[in-house]
Colleague: 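Here it is, the structure, as structure tokens.
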Amino acid sequence: MIDLRILRNDPELGREAQRRRREPPELIDEILRADESRRASIATFEQLRGEQKTMGKKVAQAHGDDKAALLARTKELSVRVRRAEAAQTAAEQSFHDAMKLLPNLASPEAPAGGEDDYVVLEHVGEPRDFAAEGFEPLDHVELGKRLGAIDIERGAKVSGARFYYLTGPGADLELALVNMAMDQARGAGFTTMIPPALVKPLAMEGTGFLGQAAGDVYRLPEEDLYLVGTSEVPLAAYHCDEILDAATLPRRYVAFSPCYRKEAGSYGKDTRGIFRVHWFDKVEMFTYTTLEESFEEHQRLLGWEKEWFDKVELSYRVIDTAAGDLGLSAQRKFDCEAWIPTQGRYRELTSTSNCTEFQARRLNIRGRFEDGIRPLATLNGTLVSMARTIVAILETHQQADGSVRVPTALQPYLQGRTTLEPVR
RNA sequence: GGAGGUGUCGCAUAGUGGCCUAGUGCGCCCGCCUGCUAAGCGGGUUGAGGUUAAUCCCUCUCGCGGGUUCAAAUCCCGCCACCUCCGCCA
């Protein structure tokens, strides 16, 4: 949800933001109309309600015929109050429904356009040149088999397509990555968290995942709960309906959680291996801060992500996502994409979004400042997403003999192992 | 899952249909007093919305949602959370 005053003062700003996202600009005018009728219905109700309260006091004091006459009038008034209240509720509902459809206003710095209109901000490291080294790289499916690290057949047998088991060194690798990520974040001052992966509709809705992304979300209709696609959801909802003391900001949390995604509409895409799966684990950073601070915090989150890539020794590039490819909540988003040798291209491993006040308004998260109470800003950033990082590490650090070199920084987290060796 | 209990302003509590415009204490903020501090004294202290240039003012907010009534913190129904006990369980 965005600040209504912005739209009232400058509707064209809102329409333009919609165009940059390739979303309908007419929504702005719908919202403004809904707001007008909402305010009119509030005025009507309040006027009648005030009258009813005044009359009620007179009734309490009157006796005999006076009282009977007053009662006749208040009975009639009561009906009108009830009708006005119903009209107000309906008008507020329509207004909120329209507001809920409106995505965050994209940053003026975010490139306009759709998925392919991103801007590359930088490249870090060189993609490894296997041809020069004289051998053909294996893909992660083959490597995973040889190392006894990934069991895709049994994942499919037990859970279906896009599921897998991490086994032996694969499981060890995930735990090592989790621990290294948690250590990094803890060192940077984050509070570690293990949040619930099942949440109520409020948390999903509040974080913006029931809009355009709803098709990608698993729902348990029996309990009316959702499986989260990222721990951003429980971390954002953690402080919903709270007023945080400004002195406690920024609040930084880092969470480990499973992530579940239907991957609807991705049929035929990335069908091989564990690059695109229905479940993976992730370590996610999340910050509550002020709107003014959020832009620098966004850069800091990006900085921690880059630090991570350096530690696992992957070459990558950073892209500035185009407005049309931002999630509903995001004002700006940077993705870090690692080079995947057997795909010959950069693929998204991590992502950091500045949601400004958008989620905080929906979830009613505010800060108490010297000059009053205001919504906070929320930001999120991946530190490590498991399946894809494991793909990148296995493929990038494989050696001609079929073993995989363990990045130096990761070795202490892998019982000192320097390589993962083939078992067959 | 079953039975019972509880949910009021930051905390603790009062309030069983109109005198609630929700009282009191603690905490907190401002001021007075005072070598300093404490105490004492006076005032303020939920949040949201409408209106406004801003204030004033008005409406909503007693876990949430319905209902009864001219009128609901108060009566009725449903839901949620927490506590106690029983059952089951990693």
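As a basis for the values below, the full set of heavy atoms in this structure was taken, side chains included, without hydrogen atoms, waters or symmetry mates. Each chain gets a letter, A, B and so on, in the order the sequences are listed, and its residues count up from 1. Predicted model only: the values in this text are computed from it and were never measured.
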Colleague: In this structure, how many angstroms lie between the P atom of G1(B) and the CD atom of Glu222(A), rounded?
Modeller: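 Going from CD in Glu222(A) over to P in G1(B) covers 12 Å.
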Colleague: According to side chain to side chain donor-acceptor pair (under 3.5 Å), who are the partners of Thr378(A), at least two apart in sequence or on a separate chain?
Modeller: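 Residues passing side chain to side chain donor-acceptor pair (under 3.5 Å) with Thr378(A): Gln359(A).
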Colleague: Less than 4.0 angstrom between a side-chain N/O of Arg82(A) and OP1 or OP2 of U68(B), yes or no?
Modeller: yes
Colleague: Taking A12(B) as the reference, what is the distance to G1(B) when you measure between their C1' atoms (whole Å, please)?
Modeller: 35 Å
Colleague: Restricting both atoms to N or O, compile the protein contacts to nucleotides 17-22 of chain B shorter than 3.5 Å, with distance only.
Modeller:
residue : atom : partner  : partner atom : Å
G18(B)  : N2   : Gly56(A) : O            : 3.1

Colleague: Applying salt bridge (Lys or Arg N to Asp or Glu O under 4.0 Å), can you list everything that pairs with Arg8(A), at least two apart in sequence or on another chain?
Modeller: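 Here the qualifying residues are Asp35(A).
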Colleague: The criterion is side chain to side chain donor-acceptor pair (under 3.5 Å); which residues satisfy it with Arg332(A), sequence neighbours excluded?
Modeller: Asp320(A)
Colleague: CD of Gln47(A) versus C1' of G50(B): gap in Å, rounded?
Modeller: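 My rounded result for the distance is 13 Å.
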Colleague: Tell me every residue that passes side chain to side chain donor-acceptor pair (under 3.5 Å) with Gln411(A), counting only those two or more places apart in sequence or in another chain.
Modeller: none
Colleague: Take atom C1' in A73(B) and the same atom in U46(B), then report the distance between them in whole Å.
Modeller: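 A73(B) and U46(B) have their C1' atoms separated by 15 Å.
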Colleague: Sort me out a list of protein N/O and nucleotides 74-77 of chain B N/O pairs below 3.5 Å, or just none if empty.
Modeller:
none

Colleague: Identify every side-chain donor-acceptor pair in residues 71-87 of chain A under 3.5 Å, counting partners at least two apart or on other chains, and give the distances.
Modeller:
residue  : atom : partner  : partner atom : Å
Thr74(A) : OG1  : Leu70(A) : O            : 3.0
Thr74(A) : OG1  : Leu71(A) : O            : 3.0

Colleague: Scan every strand shown for a Watson-Crick or G-U wobble partner of C19(B), both distances under 3.5 Å, and answer none if you come up empty.
Modeller: none
Colleague: Can you tell me how far P in G18(B) sits from the matching atom in C29(B), rounded to whole Å?
Modeller: 38 Å
Colleague: In whole Å, what is the span from the NZ atom of Lys200(A) to the C1' atom of A81(B)?
Modeller: 8 Å
Colleague: Sticking with atom P, work out how far A48(B) lies from C64(B), rounded to a whole angstrom.
Modeller: 16 Å
Colleague: Atom CD of Gln88(A) to atom C1' of C60(B): distance rounded to whole Å?
Modeller: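 My rounded result for the distance is 8 Å.
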Colleague: Using Watson-Crick or G-U wobble geometry with both distances below 3.5 Å, tell me the partner of A71(B), or none.
Modeller: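 Answer to the pairing question: none, since A71(B) forms no Watson-Crick or G-U pair.
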Colleague: Mind checking the C1' distance from C36(B) to G44(B)? Whole angstroms is fine.
Modeller: 26 Å
Colleague: Regarding Arg374(A) and the six-membered ring of Phe369(A), is the cationic atom NZ or CZ under 6.0 Å from the ring centre and inside 45° of its axis?
Modeller: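 So Arg374(A) does make the cation-pi contact.
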Colleague: Asp224(A) has an atom CG; how far is it from atom P of C79(B), in whole Å?
Modeller: 15 Å
Colleague: Could you measure between the two P atoms, the one in C60(B) and the one in U21(B), and give it in whole Å?
Modeller: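 So the two P atoms sit 10 Å from each other.
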Colleague: Does anything in residues 148-161 of chain A form a salt bridge (charged side-chain N to carboxylate O under 4.0 Å, His left out)? List the pairs, not counting sequence neighbours.
Modeller: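 Qualifying pairs: Lys145(A)-Glu153(A), Asp151(A)-Arg154(A).
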Colleague: We want to know whether Asp335(A) and Tyr118(A) form a side-chain donor-acceptor pair, criterion being a heavy-atom distance below 3.5 angstrom.
Modeller: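 Checked: Asp335(A)/Tyr118(A) side chains show no N/O donor-acceptor pair below 3.5 Å.
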Colleague: Look through every strand shown and name the nucleotide pairing with A3(B) as Watson-Crick or G-U wobble, where both distances are under 3.5 Å.
Modeller: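 U84(B) - that is the nucleotide pairing with A3(B), both distances being under 3.5 Å.
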Colleague: Quick one: look up who C36(B) pairs with, Watson-Crick or G-U, both distances under 3.5 Å, and put none if it's unpaired.
Modeller: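 The answer is none; no pair meets the criterion.
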Colleague: Closer to the 5' end of RNA chain B via nearest nucleotide, is it Ala43(A) or Arg49(A)?
Modeller: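 Its nearest nucleotide being more 5', the pick is Ala43(A).
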Colleague: Got a sec, which residues hit side chain to side chain donor-acceptor pair (under 3.5 Å) with Asp241(A), two or more places apart in sequence or on another chain?
Modeller: Asn364(A)
Colleague: If you look only at pairs with a residue in residues 103-112 of chain A, which of them pass as a side chain to side chain donor-acceptor pair (under 3.5 Å), with sequence neighbours excluded?
Modeller: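 Sorted result for residues 103-112 of chain A: Asn104(A)-Thr356(A).
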Colleague: Could I get the full list of ring pair (Phe, Tyr, Trp, His ring centres under 6.0 Å) partners for His239(A), not counting sequence neighbours?
Modeller: Tyr253(A), Tyr288(A)
Colleague: What does G42(B) pair with, Watson-Crick or G-U, if both distances are under 3.5 Å?
Modeller: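 When the pairing criteria are applied, C30(B) turns out to be the nucleotide that pairs with G42(B).
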Colleague: Within the distance-only criterion (no hydrogens, no angle test), does the side chain of Arg252(A) pair as donor or acceptor with the backbone N or O of Met285(A) below 3.5 angstrom?
Modeller: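 No, Arg252(A) side chain to Met285(A) backbone: no donor-acceptor pair under 3.5 Å.
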Colleague: Does Gln52(A) reach a base, just sugar-phosphate, or nothing at all? Heavy atoms under 4.0 Å.
Modeller: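 Result for Gln52(A) = sugar-phosphate.
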Colleague: For C11(B), which nucleotide in any strand shown is its Watson-Crick or wobble partner with both distances under 3.5 Å?
Modeller: G25(B)
Colleague: With respect to the phosphate group of A71(B), does any side-chain polar atom (N or O) of Ser78(A) fall under 4.0 Å of OP1 or OP2?
Modeller: yes
Colleague: Output the rounded distance in Å from CD (Glu51(A)) to C1' (U59(B)).
Modeller: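 Atom-to-atom, Glu51(A) to U59(B), this comes out as 14 Å.
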Colleague: Measure the CD-CG distance between Glu297(A) and Leu249(A) for me, rounded to the nearest 0.5 Å.
Modeller: 10.5 Å
Colleague: Given atom CD of Glu36(A) and atom C1' of G50(B), what is their separation to the nearest angstrom?
Modeller: 14 Å
Colleague: If we take the C1' atom in both G23(B) and U59(B), what is their distance in whole Å?
Modeller: 23 Å
Colleague: Which atoms of nucleotides 47-49 of chain B (N or O only) lie under 3.5 Å from a protein N or O atom, and what are those distances?
Modeller:
residue : atom : partner   : partner atom : Å
G47(B)  : OP1  : Arg368(A) : NH1          : 3.1
G47(B)  : O3'  : Arg366(A) : NH1          : 2.9
G47(B)  : O2'  : Arg366(A) : NH1          : 3.4
A48(B)  : OP1  : Arg366(A) : NH1          : 3.4
G49(B)  : O3'  : Arg38(A)  : NH2          : 3.0
G49(B)  : N2   : Glu46(A)  : OE1          : 3.2
G49(B)  : N2   : Glu46(A)  : OE2          : 3.0

Colleague: For the residue pair Thr230(A) / Lys282(A), report whether a side-chain donor-acceptor contact shorter than 3.5 Å exists.
Modeller: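 A pair is found: one side chain offers a donor N or O, the other an acceptor, under 3.5 Å apart.
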Colleague: Take atom P in C9(B) and the same atom in U74(B), then report the distance between them in whole Å.
Modeller: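 That atom pair is separated by 15 Å.
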Colleague: Whole-Å distance between G50(B) P and Arg5(A) CZ?
Modeller: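 Between P of G50(B) and CZ of Arg5(A): 10 Å.
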